[in-house]
Novice: 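One structure is given below, represented as structure tokens, and several questions about it will come after.
In the text below, chain A, chain B and the rest are named by the order of the sequence lines, each starting its count at 1.
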Protein chains: 4
Amino acid sequence: MCHGMPKLGMEPIRRDALVKATIAEVGRAGSLDVTVAQIARAAGMSPALAHHYFGAKEAMFVAAMRYILGLWEAEVRGALRAARTPAERVDAVIAASFSPINFRRDVVAAWLMFYVEAQRDPGARRLLRVYQRRLASTLTHALRPALGDRARAGADRLGALIDGLYIRASLADGGPDAAAAAAMVRAAWHELEGRA
Amino acid sequence: MCHGMPKLGMEPIRRDALVKATIAEVGRAGSLDVTVAQIARAAGMSPALAHHYFGAKEAMFVAAMRYILGLWEAEVRGALRAARTPAERVDAVIAASFSPINFRRDVVAAWLMFYVEAQRDPGARRLLRVYQRRLASTLTHALRPALGDRARAGADRLGALIDGLYIRASLADGGPDAAAAAAMVRAAWHELEGRA
Amino acid sequence: MCHGMPKLGMEPIRRDALVKATIAEVGRAGSLDVTVAQIARAAGMSPALAHHYFGAKEAMFVAAMRYILGLWEAEVRGALRAARTPAERVDAVIAASFSPINFRRDVVAAWLMFYVEAQRDPGARRLLRVYQRRLASTLTHALRPALGDRARAGADRLGALIDGLYIRASLADGGPDAAAAAAMVRAAWHELEGRA
Amino acid sequence: MCHGMPKLGMEPIRRDALVKATIAEVGRAGSLDVTVAQIARAAGMSPALAHHYFGAKEAMFVAAMRYILGLWEAEVRGALRAARTPAERVDAVIAASFSPINFRRDVVAAWLMFYVEAQRDPGARRLLRVYQRRLASTLTHALRPALGDRARAGADRLGALIDGLYIRASLADGGPDAAAAAAMVRAAWHELEGRA
DNA sequence: AATGAATGAGGATTCATTCAT
DNA sequence: GATGAATGAATCCTCATTCAT
């Protein structure tokens with residue numbers, strides 16, 4: 001429709017569609033070797049339009065990463081809001097990390113890709129740092145009452161374990177499922193607190 | 001040897017050079033988007049020769065992966081040989097995984113890339129499975145005396161933690177160093193065995 | 001048409017240009033070893049665009065073949081339309097086969113190449129079969145009144161003779177010209193019908 | 001064996017092996033896109049040696065062509081020797097052209113390829129001319145008694161028909177077999193001489 | 001004589017990106 | 001806003017050919 005009213009507010013819709021298509025395609029391909037054309041087509045538009053909105057392919061990846069991080073954060077924040085005790089706070093983080101929305105096959109694959117992207121793209125690296133910092137500080141805070149000085153180390157340990165489980169889950173069929181993964185982190189946490 | 005024989009036995013030398021160059025370049029670039037030409041040049045030969053010996057780019061990656069796995073296994077086997085007690089055996093695996101040769105920046109980056117490659121290349125996936133299985137069985141075996149039935153779960157946990165630390169180490173500067181990483185796995189292990 | 005529409009309908013134009021350039025270049029080179037770049041340049045575009053429209057080199061060849069077959073068929077159909085008697089029908093086929101447009105140097109060379117392509121490309125083989133079948137059935141039909149049962153054999157003979165003359169014509173300068181070739185087929189035909 | 005007696009007379013043996021391998025491979029591939037390496041390997045030697053003997057790929061093709069022509073000529077000469085009457089001479093040429101050795105699948109395919117090669121390689125073209133001239137003159141001579149002035153035209157006609165049947169035979173399965181092809185040429189010949 | 005080693009030149013194909021409309 | 005058209009710059013891979021031994 002080219003002589004009607006200008007389509008207002010298309011930008012956020014288009015950007016959103018592209019971001020979601022990026023994750024879907026990256027997950028589907030299991031690789032960052034996804035073409036702009038693929039993504040754009042999956043999002044129902046021309047590659048040219050994708051460029052129009054994002055300027056460059058990498059920007060699309062970073063936006064997708066930011067979106068995934070946002071999902072994770074929202075989930076965590078939501079879970080934390082309902083938590084009353086420190087223990088519930090730790091559990092909230094774990095539950096959020098392995099929630100259905102965050103542990104979806106394509107999302108997990110995208111996480112792996114973003115680790116790769118972060119090797120070179122400073123923007124991606126910065127985002128990944130944000131995630132790690134936030135995860136660490138949230139966990140540290142929640143572990144403090146039980147662990148005191150050892151809280152930070154414990155948080156790092158749990159964080160690394162979560163990352164390791166993510167990466168393993170990305171492998172097609174050998175990886176743990178969400179429930180098993182969460183159980184594993186909880187077990188590590190309980191041992192940390194000496195309640196093995 | 002007869003006087004007129006052509007230059008002989010270059011193949012293993014060239015293959016080795018290419019494998020090492022592959023790891024170096026992948027590590028340097030932080031990405032599997034490394035061209036055959038780059039690798040070949042780094043290995044001191046023409047791209048055509050690289051193709052002559054490996055047939056295809058992917059075969060080079062898989063060979064490089066196999067080499068890295070071989071390094072890890074050799075290190076583990078060596079460390080195990082000196083181990084006398086189950087505890088020493090666990091420690092041997094941990095020490096080997098974070099040994100200078102296995103935890104070199106480029107090697108760690110290559111590991112990450114191989115996880116990516118494993119998303120699609122069945123050969124790579126198979127290799128990664130071999131690694132995971134071997135790590136799990138070695139650890140399980142060593143943990144059995146102390147943990148009994150819980151040995152396998154404990155081994156999986158330590159394995160996932162190791163993987164997580166690797167992936168974090170691949171991020172340029174935020175990651176833990178080898179000593180810290182090893183210490184973290186040891187701590188997790190000790191807690192597993194209830195000696196926190 | 002809205003003011004802002006992009007340039008449209010280039011595809012058929014480009015495809016046509018590529019098909020014609022393919023024939024011209026194949027004819028010029030006397031070989032299927034013609035690069036996509038050559039053809040594309042001759043058609044006034046980049047190799048990338050040629051790939052965009054045809055997907056692969058072979059598809060371009062098949063399209064060119066189809067085009068040549070189309071030329072031949074159109075010519076034959078046109079000539080047949082004016083034919084009133086069986087004899088005129090036979091003559092029409094002969095005249096069409098050696099018409100200026102079908103017996104052009106590059107077109108004849110392309111025929112030869114397509115015979116080669118047909119050795120391996122099933123698509124090309126299919127097309128060549130279509131041509132042979134159509135030639136045979138048209139001739140058989142036209143020869144029936146005079147030859148009865150011998151019509152099919154006669155048609156095959158004339159068809160083979162036409163093919164032989166084509167192949168000979170493809171040789172730069174030793175081959176027969178169109179008029180001589182047509183005369184030769186007519187002579188064979190007349191003898192077939194016993195009017196030698 | 002590098003310090004034994006020098007292997008004398010290897011050259012003709014090697015050349016012969018290469019020539020035969022060339023025909024076999026070209027026939028098998030149905031295309032001149034056969035690599036020197038393929039041919040050399042089929043002939044049991046290294047590509048380098050093939051070059052040593054022929055200097056260039058094209059020379060190998062021309063030698064193979066010469067060989068095929070030689071086969072044809074030998075067959076024709078042998079058949080002619082037994083022929084007593086002009087009619088037997090014509091029949092001899094036809095029989096030789098469709099003899100088992102000349103009408104083998106790979107040989108026929110090679111003929112087609114040589115027509116292609118002749119488009120560009122002057123050496124190949126010259127050879128093909130030799131063949132056509134010899135075929136024409138032999139047939140003309142044999143047809144003279146019956147056809148007088150029309151002998152040359154008749155010879156050209158039969159020659160073109162033979163070529164056409166060859167090219168059709170090269171197509172995998174639609175082509176005529178040797179017996180049918182020979183019968184077709186004989187029929188044309190008989191009509192030429194008015195004995196339809 | 002014979003070959004493994006080695007490469008330069010080139011070819012098909014892909015893709016992010018630009019542009020005119 | 002939106003897109004078809006278009007391309008330059010890669011990239012993988014092939015292959016005839018050369019050379020040292």
Novice: Quick one: does A/Arg15's side chain have a donor or acceptor within less than 3.5 Å of a partner on A/Tyr53's backbone?
Specialist: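 Yes; judged by distance alone, with no hydrogens or angles, the pair exists.
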
Novice: Checking side-chain contact (heavy atoms from CB on, under 4.5 Å) for the pair C/Arg28/C/Val34: CA distance, chi angles, key distance, verdict?
Specialist: CA-CA 9 Å; C/Arg28 204 166 58 80; C/Val34 170; over 6 Å; no

Novice: Got more than 12 heavy atoms from elsewhere within 6.0 Å of CD, B/Gln38?
Specialist: yes

Novice: Among residues 26-54 of chain D, which residues get a heavy atom nearer than 4.0 Å to DNA chain E?
Specialist: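 Of all residues in residues 26-54 of chain D, the ones placing a heavy atom under 4.0 Å from DNA chain E are D/Met45, D/Ser46, D/Ala48, D/Leu49, D/His52, D/Tyr53.
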
Novice: Under a plain distance cut-off of 3.5 Å, with no hydrogens placed, do B/Ser170 and A/Gln119 share a side-chain donor-acceptor pair?
Specialist: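 A pair is found: one side chain offers a donor N or O, the other an acceptor, under 3.5 Å apart.
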
Novice: If you look at every heavy atom in C/Ala110 and C/Val26, which pair is closest and at what distance?
Specialist: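 For C/Ala110 versus C/Val26, the nearest heavy atoms are CA-CG1, 4.0 Å.
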
Novice: Which base sits across from F/dC13 as a Watson-Crick or G-U pair, both distances under 3.5 Å?
Specialist: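 Its partner is E/dG10 (Watson-Crick or G-U wobble, both distances under 3.5 Å).
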
Novice: Write down the partner of E/dA1 under the Watson-Crick or G-U wobble criteria, each distance required to be under 3.5 Å.
Specialist: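 Paired with no nucleotide.
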
Novice: Is there side-chain contact between A/Glu117 and A/Arg125, with heavy atoms separated by less than 4.5 Å?
Specialist: no

Novice: Side chains of C/Asp121 and C/Arg126, heavy atoms from C-beta outward: is any pair under 4.5 Å?
Specialist: no

Novice: Partner of E/dA20 by Watson-Crick or G-U wobble geometry, both contacts under 3.5 Å, or none?
Specialist: F/dT3

Novice: For DNA chain E, what residues of residues 13-21 of chain B have any heavy atom nearer than 4.0 Å?
Specialist: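 DNA chain E contact set from residues 13-21 of chain B: B/Arg14.
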
